[in-house]
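In what follows, every chain begins at residue 1, and chains take the letters A, B, ... in the order their sequences are listed.
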Amino acid sequence: MPEGLEAEIWRGACEPLIGRTIVAADVDERVAPFAFAHVVVGATIGDVRRVGKVVLLGLLPTGEQTSRSIGLHFGMTGRLIVDGVAAIERLSYASGRDAAQWDRCVLQTDPAPAAGVGTPALRFNDPRRLGRVTIDPDLSRLGVDIFDVTAAALGAALGRRQIAIKTALLDQHVVAGLGNLLVDEMLWRAGLDPHRPAATLDQREVRRLAEMIRRRLPIMLRRGGSTTGALSPDVRSAPHACARDGFPLRRETIGGRTTIWCPGHQH
DNA sequence: CGGCATGTTTCGCC
DNA sequence: AGGCGAAACATGCC
């Protein structure tokens, strides 16, 4: 479920962790680097940031060690439970149980959560285990962040690429934080056919797309994330008419991902 | 049971 | 060399 909006919600949920010291880390070694626990235990969380779909817990420098950060990459099904509370419940695999067997990284802190010493400060829960917990993730090649998109940045990033605009927008080196749902939503809002080669968008269309991203993201963030658009999971999973013009929505695969779009107004 | 999934990386073919 | 699509990863849900 995690796209940039979910990461942003979880970033906010992690803010109470600032100033706490990690006293224990129980990690599934299949999703974390060697010696992860060794690196983070004893460190104090200094700040919490987000870049694209990644949540970053900044660690204050200790003694000989330079400052480091924990990167949380959620994959398809990762999610966070902070101080015993899941900031987002409206997720797949969240129906009913959030099984402890799917916990891939559990952090205990000092001070402990108000909920009690037995409650982990952070649980990285991921059934499919496509997510990753990293140390000092390389973010240097990511594109402009979703909340910083401008027409100029978007135009430059799309460049002369001939790949479908749908595929280009999913590339994190172009825009960091857009996922499959958000891309379909923004193309629907901007009235752009997802098959269009990226380079064929003229300036006016790039401006319109950037404007939709800039305007809709804060609204969807307030409403609860990537699932709150006109092309909600409910709309995506069964045949629906376009909410804008009544045209039957089309469902097809573009760039390997299921794409929902309206042939009536997306050109 | 078959198909599908809000993501990223890798492989192989132009 | 670089771009691109398919496959792989891993597991649960409908």
Side-chain angles (χ1 to χ4, degrees), chain A residues 1-10 28-33 50-55 71-80 86-104 124-134 137-143 146 157-188 194-199 216-217 220-221 223-239 251-261:
Chain A
M1 161 88 32
E3 301 187 21
L5 290 182
E6 284 67 37
E8 176 59 21
I9 291 169
W10 284 321
D28 182 332
E29 60 201 19
R30 294 171 296 187
V31 309
R50 176 199 58 79
V51 178
K53 301 175 183 175
V54 182
V55 171
L72 303 172
H73 313 243
F74 298 95
M76 292 278 268
T77 57
R79 66 191 137 157
L80 282 190
I88 305 174
E89 279 299 353
R90 211 184 326 171
L91 299 176
S92 334
Y93 302 91
S95 52
R97 81 227 114 158
D98 60 344
Q101 68 181 114
W102 297 332
D103 283 349
R104 308 304 179 189
F124 180 86
N125 186 270
D126 182 13
R128 266 173 82 180
R129 212 198 307 142
L130 292 174
R132 290 291 178 270
V133 179
T134 61
D138 178 13
L139 308 170
S140 62
R141 296 178 57 213
L142 291 179
I146 40 173
L158 294 176
R160 285 188 252 96
R161 304 186 66 175
Q162 291 300 309
I163 55 172
I165 183 64
K166 156 87 182 195
T167 308
L169 292 175
L170 278 175
D171 184 345
Q172 300 301 293
H173 306 316
V174 173
V175 177
L178 292 181
N180 204 32
L181 297 194
L182 286 176
V183 167
D184 282 5
E185 182 75 18
M186 298 309 163
L187 291 175
W188 183 86
H195 299 92
R196 290 268 302 278
R216 298 309 300 183
L217 283 181
M220 294 176 72
L221 179 64
R223 291 182 181 169
S226 309
T227 60
T228 62
L231 304 183
S232 65
D234 175 53
V235 170
R236 299 179 69 86
S237 62
R251 174 195 177 89
E252 59 188 286
T253 299
I254 302 177
R257 307 302 300 279
T258 296
T259 302
I260 308 295
W261 66 289

Colleague: When you measure from the side-chain N and O atoms of A:Ser237 to the phosphate of B:dC4, is any distance below 4.0 Å, counting only OP1 and OP2?
Modeller: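 Negative; the distance criterion is not met.
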Colleague: With respect to the phosphate group of B:dG7, does any side-chain polar atom (N or O) of A:Arg257 fall under 4.0 Å of OP1 or OP2?
Modeller: yes
Colleague: Who pairs with A:Asp103 by side-chain hydrogen bond (donor to acceptor under 3.5 Å, both in side chains), at least two apart in sequence or on another chain?
Modeller: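 Scan of A:Asp103 (side-chain hydrogen bond (donor to acceptor under 3.5 Å, both in side chains), adjacent residues dropped) gives A:Arg123, A:Asn125.
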Colleague: Just the rounded figure in Å: distance from C1' of B:dG7 to CG of A:Asp126.
Modeller: 10 Å
Colleague: Between A:Thr77 and A:Arg128 (side chain of the first, backbone of the second, donor and acceptor by atom type, cut-off under 3.5 Å), is there such a pair?
Modeller: yes
Colleague: Measure from CG on A:Asp171 to C1' on B:dT10 and round the result to the nearest Å.
Modeller: 15 Å
Colleague: For A:Arg132 and B:dT10, give me the distance from atom CZ to atom C1', rounded to whole Å.
Modeller: 13 Å
Colleague: Which residues satisfy the ring-ring contact (aromatic ring centres under 6.0 Å, His included) test with A:Phe74, sequence neighbours excluded?
Modeller: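 Checked A:Phe74 against ring-ring contact (aromatic ring centres under 6.0 Å, His included); matches are A:Trp10, A:Phe124.
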Colleague: Taking only residues two or more places apart in sequence or in another chain, which ones pass salt bridge (charged side-chain N to carboxylate O under 4.0 Å, His left out) with A:Arg251?
Modeller: none
Colleague: Show the distances under 3.5 angstrom between N or O atoms of the protein and N or O atoms of nucleotides 3-5 of chain C.
Modeller:
{"unit_1": "C:dC4", "atom_1": "OP1", "unit_2": "A:Ile163", "atom_2": "N", "d": "3.2"}
{"unit_1": "C:dC4", "atom_1": "OP2", "unit_2": "A:Arg161", "atom_2": "NH2", "d": "3.4"}

Colleague: Would you please confirm or rule out a distance under 4.0 Å between OP1 or OP2 of C:dA10 and any side-chain N or O of A:Trp102?
Modeller: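 So the side chain of A:Trp102 is outside the cut-off, no N or O lying under 4.0 Å from OP1 or OP2 of C:dA10.
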Colleague: Tell me every residue that passes side-chain contact (heavy atoms from CB on, under 4.5 Å) with A:Leu217, counting only those two or more places apart in sequence or in another chain.
Modeller: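 Listed in chain order: A:Leu5, A:Ile146, A:Phe147, A:Leu182, A:Met186, A:Ile213.
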Colleague: Can you check the A:Phe74 CZ to C:dA10 C1' distance for me, whole Å?
Modeller: 18 Å
Colleague: How does DNA chain C look in dot-bracket form if you count Watson-Crick and G-U pairs under 3.5 Å, write [ ] for pairs that cross, and put | where a base pairs with another strand?
Modeller: .||||||||.||||
Colleague: What parts of residues 173-182 of chain A reach DNA chain B, counting only heavy atoms under 4.0 Å away?
Modeller: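 Heavy-atom cutoff 4.0 Å gives A:Gly179, A:Asn180, A:Leu181.
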Colleague: To the nearest Å, give me how far apart CE (A:Met76) and P (B:dG7) are.
Modeller: 6 Å
Colleague: My understanding is that only residues two or more places apart in sequence, or in another chain, count here; which of them pass side-chain hydrogen bond (donor to acceptor under 3.5 Å, both in side chains) with A:Arg257?
Modeller: none
Colleague: Tell me, which pairs form a salt bridge (Lys or Arg N to Asp or Glu O under 4.0 Å) where one or both residues lie in residues 228-239 of chain A, sequence neighbours left out?
Modeller: A:Asp184-A:Arg236
Colleague: Test of understanding: with side-chain contact (heavy atoms from CB on, under 4.5 Å), list the residues that count as partners of A:Glu252, not counting sequence neighbours.
Modeller: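 With neighbours one apart ignored, the set is A:His195, A:Arg250, A:Ile254, A:Trp261.
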Colleague: Between A:Gln172 (side chain) and A:Leu178 (backbone), is there a donor-acceptor pair under 3.5 Å?
Modeller: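 Checked: pair present.
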Colleague: Without decimals, in angstroms, what is the distance between A:Glu3 CD and B:dT8 P?
Modeller: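 After rounding, the gap between these two atoms is 9 Å.
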Colleague: Could you tell me which residues satisfy salt bridge (charged side-chain N to carboxylate O under 4.0 Å, His left out) with A:Arg104, sequence neighbours excluded, listed by chain and number?
Modeller: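 If we apply the salt bridge (charged side-chain N to carboxylate O under 4.0 Å, His left out) test to A:Arg104, skipping adjacent residues, the hits are A:Asp28.
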Colleague: With A:His173, which residues qualify under ring-ring contact (aromatic ring centres under 6.0 Å, His included), at least two apart?
Modeller: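 For A:His173 there are no ring-ring contact (aromatic ring centres under 6.0 Å, His included) partners, ignoring immediate neighbours.
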